[in-house]
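Below you'll find the structure, written out as structure tokens, and then a few comments.
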Amino acid sequence: MLTGATESALLPVYAQLPVRPVRGEGSWLIDEAGQRWLDAYGGHAVAATGHCHPKVVAAIRAQAESLLFYSTALPLPIREQLATALIAHSPKPLTKVFLVNSGAEANENALHLARKLTGRQLFVSIEGGWHGRTAATLAVTDGEKYMAGARRAGLPLSKKVPWNDPAALLSTVDEQTAGVILEPVQGLQGARDLPVELLVAARKACDRTGALLIFDEVQCGVGRCGAFTAAESFGVIPDLLTLAKGLASGLPISALLTTDAVSAHIKSGDLGSTFGGGPVPCAAALATLAVLDEEHLIENANSVGEFLRRGALSLGPDKVVAVQGRGLLLGLRLRKPAVAVQTELLHHHIIVGTSSDPQVLRLMPPLSFSQAEAERLLQALAEVL
Ligand SMILES: Cc1ncc(COP(=O)(O)O)c(C=O)c1O
């Protein structure tokens with residue numbers, strides 16, 4: 001037997017923070033001892049409507065009681081309703097939806113379609129981009145550790161271009177390129193928002209060569225960055241766009257959105273998923289979209305995000321060097337190491353994220369995060385920085 005195993009039956013793959021929640025309520029987690037924790041991490045940007053929003057919980061309960069599950073072998077009205085609502089929230093010409101279960105799976109399908117439609121193999125992606133843990137998504141992700149996984153699977157790695165060099169992107173995309181994949185705001189990189197010129201160049205390069213443009217909005221979509229899709233807030237629309245994390249406020253579901261031009265090439269049996277578009281996650285996603293609209297949560301993400309940005313910058317350049325990102329996906333570039341600040345904030349009962357950049361603290365709270373909650377976070381930051 002191998003040595004070094006812990007007592008847990010779970011594989012030891014996650015570095016975990018020392019908080020054990022048993023309940024959630026809006027922006028707050030309540031632990032075993034009844035202590036309250038302010039969640040500016042949002043369960044990794046998933047708790048879009050806050051923890052346990054009553055309308056989302058009620059929709060899940062009602063759907064579970066009427067039909068817990070049926071696979072994609074039968075049509076379900078709720079699946080159609082969700083697809084229609086997603087298209088109504090998204091910019092044209094995105095008109096068609098394929099529902100799956102996770103961010104990586106949505107990206108995997110987007111890459112698959114780009115290869116299938118172009119008959120080409122190679123992708124161009126952006127330095128610092130992160131797209132998932134399946135073999136194909138690792139091949140377009142940046143970082144030696146991730147690319148090694150794709151190499152072991154024998155997949156060709158994407159060509160990575162610098163995040164701030166539109167000219168390099170224009171010259172790298174050619175007639176061999178199946179697609180360009182990018183996160184408009186790079187989550188793991190510390191909410192680094194790409195220059196709009198890079199997105200414009202990506203659109204231009206794809207139009208010129210027939211490659212497909214893929215936006216991975218798994219983390220930055222669903223209202224987090226100023227519009228329902230980040231694409232809309234940047235004013236550049238891709239051929240394929242993926243959404244996940246916040247889409248159902250915590251139930252696993254993801255969506256691949258595409259255009260009539262792409263869907264004209266797709267026929268029955270080309271894609272598939274047993275669980276994709278299951279009725280309970282669909283109900284949670286429909287309720288999430290309704291709450292985003294009714295409670296104006298995208299506007300809230302913008303205004304509270306701006307309040308946090310200004311407040312963080314006002315702490316002074318000896319503490320906060322810069323703030324990157326959009327809406328409520330923000331990266332605070334600090335003088336102190338982000339991990340140390342994350343640990344100190346736990347003493348204030350506040351949970352925040354870090355990033356692959358050791359100086360950048362990542363904030364991705366529920367889109368319902370209030371100004372008072374933001375104020376509390378800023379006060380704690382002022383003390384620990
Ligand atoms: C931008 C981005 N793409 C893809 C993924 C993968 O999503 P999942 O973990 O749901 O497979 C993530 C997850 O963090 C992500 O942030």
Side-chain angles (χ1 to χ4, degrees), residues 11 13-16 41-48 98-112 114 123 125-143 145-147 149-150 158 160 163 179-194 199 202 213-225 229-231 233-234 238 240-257 273 275-278 281 284-285 288 324-331 352-357 360 362-365:
L11 281 177
V13 294
Y14 298 112
Q16 295 184 322
Y41 180 68
H44 208 85
V46 168
F98 178 59
L99 294 170
V100 274
N101 308 286
S102 71
E105 194 185 1
N107 286 340
E108 177 88 23
N109 278 286
L111 297 167
H112 171 72
F123 288 92
S125 62
I126 311 298
E127 282 176 8
W130 203 91
H131 302 291
R133 299 246 183 199
T134 63
T137 54
L138 287 173
V140 295
T141 285
D142 198 10
K145 175 171 119 185
Y146 306 115
M147 294 189 293
S158 61
K160 317 266 181 321
W163 67 277
V180 176
I181 182 165
L182 60 85
E183 297 164 81
V185 181
Q186 295 183 316
L188 187 66
Q189 194 57 42
R192 181 164 74 186
D193 42 328
L194 298 180
L199 274 59
L213 181 57
I214 305 169
F215 281 5
D216 171 352
E217 298 207 15
V218 164
Q219 188 165 145
C220 65
V222 195
R224 189 157 285 282
C225 287
T229 61
S233 77
F234 280 77
L240 297 153
L241 185 148
T242 58
L243 301 169
K245 296 199 188 293
L247 187 50
S249 298
L251 262 60
I253 190 168
S254 60
L256 168 57
L257 274 53
S273 164
F275 285 114
T288 297
Q324 54 197 34
R326 291 183 175 215
L328 278 178
L329 180 54
L330 294 175
V352 295
T354 54
S355 71
S356 59
D357 186 324
V360 177
R362 192 165 25 149
L363 306 178
M364 38 192 178

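We use all heavy atoms of the structure for the numbers below, so side chains are in, but hydrogens, waters and symmetry mates are not. For ligands, and for the atoms within them, numbers begin at 1 and follow the listed sequence.
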For V218, the atoms of ligand 1 under 4.0 Å from one of its heavy atoms are 2 (C), 3 (N), 4 (C), 5 (C), 7 (O), 12 (C), 15 (C)
closest protein heavy atom to atom 3 (N) of ligand 1 is D216 OD2, 2.7 Å
Please walk me through it: do S249 and T288 pass side-chain hydrogen bond (donor to acceptor under 3.5 Å, both in side chains)? CA-CA 6 Å; S249 298; T288 297; 2.8 Å; yes
Could you tell me which atoms of ligand 1, counted from 1 in the order shown, lie closer than 4.0 angstrom to a heavy atom of E183? 1 (C)
On a heavy-atom basis, the closest approach of L330 and A191 is C-CB, 3.5 Å
Is a side-chain donor or acceptor of T141 paired with a backbone partner of H131 at a separation under 3.5 angstrom? yes
Is atom 10 (O) of ligand 1 less than 4.0 angstrom from at least one protein heavy atom? yes
Can you tell me if K245 contacts ligand 1 (heavy atom of the residue under 4.0 Å from the ligand)? yes
Student check: side-chain heavy atoms of P184 and L199 closer than 4.5 Å: yes
Side-chain donor-acceptor contact under 3.5 Å, R362 with Q219: yes
Would you mind listing which atoms of ligand 1 come within a distance below 4.0 Å of any non-hydrogen atom of N107? 3 (N), 4 (C)
Number the atoms of ligand 1 from 1 as they appear, then name those within less than 4.0 Å of a heavy atom of S102, with their elements. 10 (O), 11 (O)
Considering only heavy atoms from C-beta outward, does the side chain of L194 approach that of Q186 to under 4.5 Å? yes
Using a 4.0 Å cut-off to any heavy atom of H44, which atoms of ligand 1 qualify? 14 (O)
Answer yes or no: is there a donor N or O on one side and an acceptor on the other, between the side chain of S355 and the main chain of D357, under 3.5 Å? yes
Any N/O pair G103/ligand 1 closer than 3.5 Å: yes
When you look for heavy atoms under 4.0 Å from ligand 1, do you find them on the side chain of A104, its backbone, both, or neither? both
For atom 16 (O) of ligand 1, closest protein heavy-atom neighbour: Q219 NE2, 2.8 Å
Is a donor on one side and an acceptor on the other found under 3.5 Å between the side chain of R326 and the backbone of C220? no
Is the closest N or O pair between G132 and ligand 1 shorter than 3.5 Å? no
Given side-chain hydrogen bond (donor to acceptor under 3.5 Å, both in side chains), test S273 with N101 step by step and report yes or no. CA-CA 8 Å; S273 164; N101 308 286; 3.2 Å; yes
Using non-hydrogen atoms of the residue, decide whether E217 is closer than 4.0 angstrom to ligand 1. no
